[in-house]
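Atoms within each ligand, like the ligands themselves, are counted from 1 in listed order. The structure presented is a predicted model; accordingly, all values stated were derived computationally and were not measured.
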Amino acid sequence: MAKVLIKNGKVVSATGVVDNDVLIDGERIAAVGAPGWFAGAEPGCDKVIDARGKYVIPGGVDVHTHMELPFGGTFASDTFETGTRAAAWGGVTTIVDMAVQRYGENVHEGLAEWHRKAADQCAVDYAFHQIIGGVDEESLKAMKYLVDHEGVTNFKLFMAYPGVFYSDDGQILRAMQTAAECGAMIMMHAENGIAIDVLVQQALARRETDPRYHSYTRPSPLEAEATHRAIVLSHVAGNVPLYIVHMSAGDALNEVAAARHHGRNVFAETCPQYLWLTLEETLGQPGFEGAKWVCSTPVRSRDHDPHHIGQMGHGHQGDLWKGLRMNELAVVSTDHCPFCFKDQKELGLGDFSKIPNGIGGVEHRMELIYQGVVAGELSLERWVETCCTTPARMFGMYPQKGVIAPGSDADVVVWDPNTTTKIGINDKHHMNMDHSAWEGWVIDGKVDTVLSRGSVLIENDQYHGRKGHGRYIKRGLSQYLV
Ligand SMILES: [Zn+2]
Ligand SMILES: [Zn+2]
């Protein structure tokens with residue numbers, strides 16, 4: 001087994017930045033020691049990485065991706081092969097993808113299909129959440145089985161997309177009760193899909209068909225209302241742990257903050273698109289260009305939604321950054337769900353409701369949140385905490401993942417803060433899509449070297465990984481609960 005020494009770097013963890021050397025033996029971290037501590041071992045190492053002037057951080061953990069997701073008559077354009085390769089380029093060494101059960105389908109078959117898609121394809125380690133799109137006796141039974149036997153310990157429900165993934169309040173309550181019985185966590189897509197569908201039909205009847213109406217028909221109060229309702233239902237179901245996905249709005253965040261203030265097991269994530277992109281600059285662009293930024297929840301207005309201006313005094317983005325600092329938002333994921341512009345986003349020409357929902361981002365999360373450090377929005381430690389450590393703990397993978405410590409998997413990223421990264425189709429772009437939601441963005445810092453279980457995936461701007469290296473991770477229960 002290969003021995004690797006990473007020396008002279010600044011090791012960043014959720015709790016501090018320390019000058020330390022890291023010794024890797026095979027697939028695991030063997031030891032972390034003061035600079036020079038392993039000088040005696042250096043001649044016996046197969047590889048020595050000099051990280052002077054650079055940060056050494058745990059590999060990124062992206063707990064919300066959708067490789068090959070069927071949506072709106074097409075499929076998300078990244079396969080597990082292309083998507084996990086792009087993840088590696090972005091310093092992400094673990095993904096948790098969403099296996100799908102739609103209404104009328106069997107949960108076990110849905111999970112088996114996801115295993116088939118991912119097996120022998122992944123460049124980095126992977127795990128699954130299970131979407132439950134049809135709550136009934138059979139799927140409730142399956143939930144218990146998945147927790148006990150499959151290492152799938154949480155379930156995503158939808159309050160949106162009637163007829164596809166939607167669960168009504170009674171179904172949500174039943175699934176939550178089942179989750180409470182087996183210690184599992186519920187992930188919630190919190191938007192009032194019934195009301196949204198009415199607004200969508202009314203907009204289309206007025207011939208309001210451009211992409212920007214995707215956001216106008218999903219106003220933030222309908223995210224806040226659904227978030228509140230999910231929190232109430234989770235309380236009634238026995239204080240089942242609840243995790244709100246892809247939070248985009250300040251008013252929704254307030255609901256989570258209030259629940260957390262009351263000591264509830266309520267958590268939330270946001271994504272780079274909600275922290276950085278605004279309706280005005282992206283989705284709101286004239287013509288069909290905005291289709292590139294159609295995702296749900298939608299990117300929000302720079303201020304709060306027009307009919308709610310003044311409600312809280314500053315914009316959604318300011319609220320979300322504050323939420324990240326305050327731990328009202330525990331995690332940054334990507335909701336990576338790429339679609340090409342040609343032939344995929346174009347399905348919604350003349351009807352925004354037919355534009356496949358999703359943005360590709362698995363490659364850029366570490367970069368974009370590091371930019372938040374540079375901008376003074378959060379600390380280096382909090383960057384690592386929200387992108388690496390907490391995702392691993394939240395979803396039962398810690399300390400195998402999310403930390404640089406003896407015994408942990410040797411998933412390590414060397415991060416160079418002394419240079420920049422330009423994102424764009426002809427610059428840094430490895431996702432399988434024909435455009436980038438981040439075209440032209442120049443980010444401070446750069447993914448320098450990436451190791452997954454001791455194997456070098458990225459070094460000197462070269463990809464050294466291989467498909468099939470990534471292994472399936474059976475996850476335990478969330479480690480945030482007492
Ligand atoms: Zn969702
Ligand atoms: Zn999603």
TODO: Would you list the pairs meeting side chain to side chain donor-acceptor pair (under 3.5 Å) in which at least one residue belongs to residues 338-348, sequence neighbours left out?
DONE: T74-Q344
Task: the Zn ion (ligand 2) - number of protein N/O/S atoms closer than 2.8 Å - done: 3
Open item on the list: Salt bridge check, K354 against D351: does any charged N sit closer than 4.0 Å to a carboxylate O?
Closed with: yes
Let me check something: any side-chain donor-acceptor pairs from residues 143-152 under 3.5 Å, sequence neighbours excluded? List them with distances.
from: K144; atom 1: NZ; to: E181; atom 2: OE1; distance (Å): 3.0

Task: K428 with E367: basic N within carboxylate O range, under 4.0 Å - done: yes
Task: Under the salt bridge (Lys or Arg N to Asp or Glu O under 4.0 Å) test, residues paired with E269 that sit two or more places apart - done: none
Open item on the list: Around atom OH of Y103, are there more than 12 heavy atoms from other residues, nucleotides or ligands closer than 6.0 Å?
Closed with: no
